[in-house]
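Take a look at the structure set out below.
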Amino acid sequence: APYFPSFTNVENAEKESETNVPTMENVSASTQNEDLPNVAILATGGTIAGSGKSGTDTTDYKAGELSVEALIEAVPEMADIANISGEQIANVGSPQITNEILLELGNRINELLATDDVDGVVVTHGTDTLEETAYFLNLVVKSDKPVVVVGSMRPATAVSADGPLNLYNAVLLASSEKSKGKGVLIALNDRIGAARYITKTNTTVVDTFSATEEGYLGRIVGGVPYYYNESAKKHTAETVFDISDIKELPQVDIIYSYQNNPRYMIDAAVENGADGIVLAGSGNGSLSSAYVEGARDAIESGSEIVVSSRVGGGTVSPRDSFMTSDSLNPQKARILLMLALTVTDDDEEIQTFYNEY
Ligand SMILES: NC(=O)C[C@H](N)C(=O)O
């Protein structure tokens, strides 16, 4: 077959999969191979679970259509490397991922990894906001066991769908002792990336995910993970963030900089109760006078301000006037500010988080 057969007929995949993919609750000891690690796949939707009208439909398809059972049954080779269980956390395109879903996902992963029954977790996710979820998990998972976030750019129904091998590779990484203690990983296109450093860089192409200058951790070659680097930033078991009792995350908004920008968006965020605002400054976090004044007033009103950059790479250098995001892009700087505000509203402490995480 020119492309992965089980993924090409979504109707059959759905029909065949109505039963029997084990969840951690009903996984039966008799179906387990004791020599293999146990990997739980938590599905949230995205293009990896997407379905189009034809094999060449790569833009008008619907994300979040296939169930976790269908994804698992489409890649039977995963059973050779791990005992697989599946859970459906959500089934949405990733722009629909909310703070509520993040909290549910993070708490469920911590629950699973705290048991001896799960050795690693794979999260299937839409690529548009994948880096935000991965970085969130990087900060709240309380375990050294591997957590791998994976997606695809082509829907499951496409010719040369990239989902099946990406999913297999994610399970491979989640099953590997070598992946322990590396922080949350992002696995696409045979590359192993750290959640802290990976970002989406292209609207449509398959190799859209890139590491920032800080680099990749490694790659997968012939079904074997090769690691070369480690992240110098704190993650997972060594972080201070604890979401077990958190019902709602603080409201943090992102506001973009551009020539002639009016300050009313900052004012509107404050009026709507933003606990924090990340400013996507230009260059090295530079801001117009309108934004500087708006941001000063926002601080007076009790909102925290963090300056990141719209540039897409580099470190925003420290300054006296506002906190800065180190090398976190605005969307990841927002994730860290939400979590930081669950711990403190002290600027110095929050700045230290930006430098350490
Ligand atoms: N490739 C993808 O997964 C894009 C999709 N719109 C999503 O983020 O859910």
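In this structure, NZ on Lys233 lies 8.0 Å from CD on Glu214, to the nearest 0.5 angstrom. The distance from the CD1 atom of Ile255 to the CG atom of Asn261 is 10.0 Å, given to the nearest 0.5 Å. Taken from CD1 in Ile266 to CD1 in Ile305, the straight-line distance is 6.0 Å, to the nearest 0.5 Å. Separation of atoms CZ (Arg319) and CD (Gln351) is listed at 10.0 Å; rounding is to 0.5 Å. The CG atom of Leu102 sits 11.5 Å away from atom CD1 of Ile89, with the distance rounded to the nearest 0.5 Å. Atom-to-atom distance recorded for Asn355:CG and Lys234:NZ is 11.0 Å, nearest 0.5 angstrom.
Side-chain atoms of Asn229 come within 3.5 Å of backbone N or O of Tyr216 as a donor-acceptor pair.
The number of heavy atoms from other shown groups lying within 6.0 Å of NZ (Lys142) is above 12. Surrounding CD of Glu177 are at most 12 heavy atoms belonging to other residues, nucleotides or ligands under 6.0 Å away. By the 6.0 Å contact criterion, CZ on Arg310 is enclosed, its count of non-hydrogen atoms from other residues, nucleotides or ligands being greater than 12.
Inter-residue side-chain proximity for Leu105 and Thr133 is flagged as met; some heavy-atom pair is nearer than 4.5 Å. With contacts defined as side-chain heavy-atom distances shorter than 4.5 Å, the pair Met153/Val205 does not qualify. Using a 4.5 Å cut-off on side-chain heavy atoms (C-beta onward), Thr58 and Thr204 make no contact. Within the 4.5 Å cutoff, the side chain of Gln331 has no heavy atoms near those of the Thr129 side chain. Two residues are said to be in side-chain contact when any heavy atoms from C-beta on lie closer than 4.5 Å; Arg108 and Glu87 meet this criterion. A 4.5 Å side-chain heavy-atom check between Val343 and Phe241 finds at least one atom pair inside the cut-off. Side-chain atoms of Thr342 and Pro250, non-hydrogen and from C-beta on, do get closer than 4.5 Å to each other. Side-chain atoms of Leu103 and Glu100, non-hydrogen and from C-beta on, never get closer than 4.5 Å to each other.
With sequence neighbours left out, Lys178 forms a side-chain contact (heavy atoms from CB on, under 4.5 Å) with Ser176, Val224, Pro225, Tyr227. Under the rule for a side-chain contact (heavy atoms from CB on, under 4.5 Å), the partners of Leu287 that lie at least two apart in sequence or sit in another chain are Ser257, Leu279, Tyr291, Val292, Val307, Phe322. With sequence neighbours excluded, the residues that form a side-chain contact (heavy atoms from CB on, under 4.5 Å) with Ala82 are Val39, Ile84, Val171, Ser175. In this structure, the side-chain contact (heavy atoms from CB on, under 4.5 Å) partners of Glu293, at least two apart in sequence or on a different chain, are Arg263, Ser289. Applying the side chain to side chain donor-acceptor pair (under 3.5 Å) rule to Asn169 yields the partners Asp190; only residues at least two apart in sequence or on another chain are considered. Applying the side chain to side chain donor-acceptor pair (under 3.5 Å) rule to Ser152 yields no partners; only residues at least two apart in sequence or on another chain are considered.
Between the side chains of Ser301 and Ser303, no donor-acceptor pair of N or O atoms lies under 3.5 Å. Between the side chains of Arg196 and Ser327, a donor-acceptor pair is found at a separation under 3.5 Å. Judged purely by distance below 3.5 Å, without hydrogens or angles, the side chains of Glu131 and Asn329 pair a donor atom with an acceptor atom.
Residues Met265 and Ile254 do not share a hydrophobic cluster, defined by chaining ILVMFWY side chains whose heavy atoms lie under 4.5 Å apart. No single ILVMFWY cluster, assembled from side-chain heavy atoms under 4.5 Å apart, contains both Val150 and Val206. Ile277 and Tyr256 fall within a single hydrophobic cluster, where Ile, Leu, Val, Met, Phe, Trp and Tyr side chains are chained together by heavy-atom contacts under 4.5 Å. Taking hydrophobic clusters as Ile, Leu, Val, Met, Phe, Trp and Tyr residues chained together by side-chain heavy-atom distances below 4.5 Å, Val75 does not share a cluster with Leu36.
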Apply side chain to side chain contact (heavy atoms under 4.5 Å, CB included) to residues Tyr357 and Val240 and explain how you reach the verdict. CA-CA 10 Å; Tyr357 293 96; Val240 298; 3.7 Å; yes
